[in-house]
Structures are given as C-alpha cells and as structure tokens.
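To start, the structure under review is shown below, and the notes come after it.
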Amino acid sequence: MDEEIAWSELIGALLQATKWTVGLSGAAFAGGIVVAIALVLLRLGNWAPIRWVYRGYIELFQGTPLLMQLFLVFFGLPMLDIEVEPWTAATIALTLHASAYLSDIWLGCVQAIPESQWAAGASLGMTRLQQLRHVVGPQAWRIAIAPSVGFLVQLIKGTALASIIGFTELTKTGNMLANLTMMPFSIYGMVGLLYFVLCFPLTMASRMLEKRAQY
C-alpha cells in the first residue's frame with residue numbers, strides 16, 4: 001500500500017511539473033510570436049540598417065546554444081542590478097530564442113509569395129501594410145503554420161535546459177525524484193513518456209498541416 005501511495009505521489013509530482021513545462025513553453029511561444037511579428041514588420045521596411053540589425057539578431061540567437069542564452073540572461077541581468085527569478089530568466093531567454101526562429105520562418109514564407117501579389121494589392125490602392133495584411137499575409141500564414149507548430153515541439157523540448165538555472169520543470173523534477181528514489185530508469189522513463197505525450201500530437205498536427213498546405 002505504501003508503495004502504491006509513493007508511486008501516486010511521484011506521478012502527481014511529475015504531472016505538476018508538466019504544468020510548469022507547458023506554462024513556460026506557452027509563455028515563451030506567445031512572447032516569441034509578438035517579438036517575431038515586430039521583427040518581420042521592421043525587416044519588410046527594407047531600410048538597410050534595420051536589415052543589418054535583423055540579420056545580427058537572427059545570427060546571434062540561432063548561432064549560439066540555448067543553454068548559453070539562458071546563462072547570459074540568468075547571470076548577466078543581476079550584473080546590471082536586475083534580479084531575476086529562474087522562471088523570468090527562462091521565459092526571457094526562450095522568448096528571444098523563439099522569436100529568432102519564428103521571424104526567420106515567417107519572413108521566408110512572406111518572401112515566398114510572388115511579387116505579383118504585392119503588385120495586385122498596390123493596384124487596388126492599398127498601402128504596403130494593407131497589402132501584407134489582406135493579400136500577402138493570409139497566403140504566407142498558410143505556408144507558415146506547419147513549421148511554426150513544428151518549432152513549438154522543439155521549444156517544448158528546449159524547456160528542459162531551464163533546469164540548469166534552477167527552474168523546476170519536468171526534467172528538473174525528474175532529476176530530483178530519480179536521486180531521491182534511486183530509480184532513475186523508471187523516473188526518466190516516465191519523464192520521457194510525458195514529453196512524448198506533449199510533443200507527439202503537435203508533431204502529427206504539423207505533418208498534417210504541411211501536407212494540407214501543399215494543396
């Protein structure tokens with residue numbers, strides 16, 4: 001009976017930690033969307049300095065490990081007298097990381113739309129922003145939705161690195177329980193299963209959306 005209670009407590013702790021993983025992923029993805037939209041709009045302005053800044057931003061966050069970005073935010077901000085909790089640091093770092101990839105995905109999708117579509121909007125007297133909103137944007141979004149969902153899967157798995165800075169999400173909780181119970185195979189097996197439950201439906205959705213976008 002005690003063993004059954006212990007297992008129920010272990011599973012309950014892992015499920016509780018899963019909520020934090022989902023919450024961190026959702027916050028970072030939502031923040032990444034906001035920043036990515038702003039970056040794409042700035043980049044479409046075709047102002048040379050903005051293009052250089054945009055490319056530098058993308059190269060910085062795509063060309064460096066996410067773990068290093070977490071360290072820089074968590075340990076770097078206190079050096080500027082800005083104290084941050086692990087949750088805040090993880091959210092900021094993952095948001096910046098997500099925005100770099102999402103903006104690159106979305107910009108590529110916008111650029112994949114033929115120039116004739118922009119010209120068609122211009123012929124109707126639309127401004128550049130109106131062309132993007134009413135003509136080009138909906139077509140680009142149809143292309144972008146599948147890779148965006150696919151990136152969300154990578155982001156969920158990337159939250160595991162937040163355990164390094166002390167954020168108690170699924171991986172951190174699994175590590176603590178494995179050390180406590182001395183049953184690493186069972187605990188990490190359950191952790192892996194929970195990640196699979198989170199990611200597999202999104203992976204399948206991404207594949208279906210990608211196939212649908214081809215027609």
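Note that this is a predicted model, so its numbers are computed, not measured.
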Gap between atom NE2 of His134 and atom CG of Leu132 - 0.5 Å precision: 10.0 Å

Donor-acceptor pair, Gln62 side chain versus Ala100 backbone, under 3.5 Å? yes

Residue pair Met176 / Thr168, side-chain heavy-atom distance below 4.5 Å: yes

For Phe74, what residues pass the ring pair (Phe, Tyr, Trp, His ring centres under 6.0 Å) criterion, not counting sequence neighbours? none

A quick test of your reading: do over 12 heavy atoms of other residues, nucleotides or ligands sit less than 6.0 Å from CZ of Arg133? no

To the nearest 0.5 angstrom, please state how far the CG atom of Leu94 sits from the CG atom of Leu70. 5.5 Å

Pairwise side-chain contact, Ser206 with Phe151, heavy-atom cut-off 4.5 Å (strictly under): no

Quick check: are there more than 12 heavy atoms from other residues, nucleotides or ligands sitting under 6.0 Å from CZ of Phe200? no

Does Glu169 reach the main-chain N or O of Ala17 with its side chain, forming a donor-acceptor pair under 3.5 Å? no

Should the pair Tyr101 and His97 be assigned to parallel (<30°), tilted (30 to 60°) or perpendicular (>60°) ring geometry? tilted

Quick check: closest heavy atoms across Thr95 and Ala27, and the distance to 0.1 Å? OG1-O, 4.1 Å

For a side chain to side chain contact (heavy atoms under 4.5 Å, CB included) check, start with the C-alpha distance between Leu72 and Thr64, then their side-chain angles and the critical distance, and finish with the verdict. CA-CA 11 Å; Leu72 286 176; Thr64 56; over 6 Å; no

Is a side-chain donor-acceptor pair under 3.5 Å present for Tyr195 with Thr21? no

Calculate, to the nearest 0.5 Å, the distance between atoms CE and CE belonging to Met190 and Met183 respectively. 7.0 Å

Please examine the side chains of Leu15 and Leu194, heavy atoms only from C-beta on, and report whether any two atoms are closer than 4.5 Å. yes

Arg55 and Asp104: side chain to side chain contact (heavy atoms under 4.5 Å, CB included), yes or no, with the steps? CA-CA 9 Å; Arg55 183 43 54 188; Asp104 214 19; 3.9 Å; yes

Is Leu10 linked to Leu14 within one hydrophobic cluster, defined over Ile, Leu, Val, Met, Phe, Trp and Tyr using a side-chain heavy-atom separation of less than 4.5 Å? yes

Compare all side-chain heavy atoms of Leu77 with those of Thr88 and state whether any distance is below 4.5 angstrom. no

Is the backbone of Leu96 close enough, under 3.5 Å, to the side chain of Ser99 for a donor and an acceptor to pair up by distance? yes

Which atoms form the tightest heavy-atom contact between Ile113 and Ala140, and what is the distance? CD1-N, 3.9 Å

Is Trp118 close to Val110 at the side-chain level, that is, under 4.5 Å between some pair of heavy atoms? yes

If two hydrophobic side chains count as joined below 4.5 Å and joins carry through other members, does Val73 share a cluster with Phe75? yes

I need the minimum non-hydrogen distance between Val84 and Pro78, along with the two atoms involved. CG2-CD, 4.5 Å

What's the shortest heavy-atom distance between Gly166 and Pro86, and which atoms? C-CB, 4.0 Å

Do Leu107 and Tyr54 touch side chain to side chain, with heavy atoms closer than 4.5 Å? yes

Is there a path from Met68 to Leu60 through hydrophobic residues (I, L, V, M, F, W, Y) whose side chains come within less than 4.5 Å of each other? no

Taking the side chain as everything from C-beta on, heavy atoms only, tell me whether Phe29 gets closer than 4.5 Å to Leu102. yes

In sequence, state the C-alpha distance, the side-chain angles, and the governing distance for Arg43 and Ser103, and then conclude on side chain to side chain contact (heavy atoms under 4.5 Å, CB included). CA-CA 9 Å; Arg43 173 61 182 81; Ser103 61; over 6 Å; no

If you count the non-hydrogen atoms of other residues, nucleotides and ligands that lie under 6.0 Å from CD in Gln117, is the total more than 12? yes

Please find the pair of heavy atoms, one from Ala98 and one from Gly32, that lie closest to each other, and give the distance. CB-CA, 4.2 Å

Would you say Ile143 ends up clustered with Leu41 if hydrophobic residues are merged whenever their side chains have heavy atoms under 4.5 Å apart, either directly or through other cluster members? yes

Path from Tyr188 to Leu161 over hydrophobic side-chain contacts below 4.5 Å: no

Please report the interatomic distance CG(Leu44) to CG(Leu129), rounded to the nearest 0.5 Å. 10.0 Å

Distance col, row Ser186:OG vs Leu177:CG, nearest 0.5 angstrom, shows 11.5 Å

Residues Thr173 and Trp20: side-chain donor-acceptor under 3.5 angstrom: no

Euclidean distance, Leu155 CG relative to Lys157 NZ, rounded to 0.5 Å: 11.0 Å

Between Lys172 and Ile165, is there a side-chain heavy-atom distance shorter than 4.5 Å? no

For a quick test of reading the model, state the closest non-hydrogen atom pair linking Gly174 to Val191 and the distance between them. CA-CG2, 3.8 Å

N/O donor-acceptor pair under 3.5 Å between Gln131 side chain and Val136 backbone: no

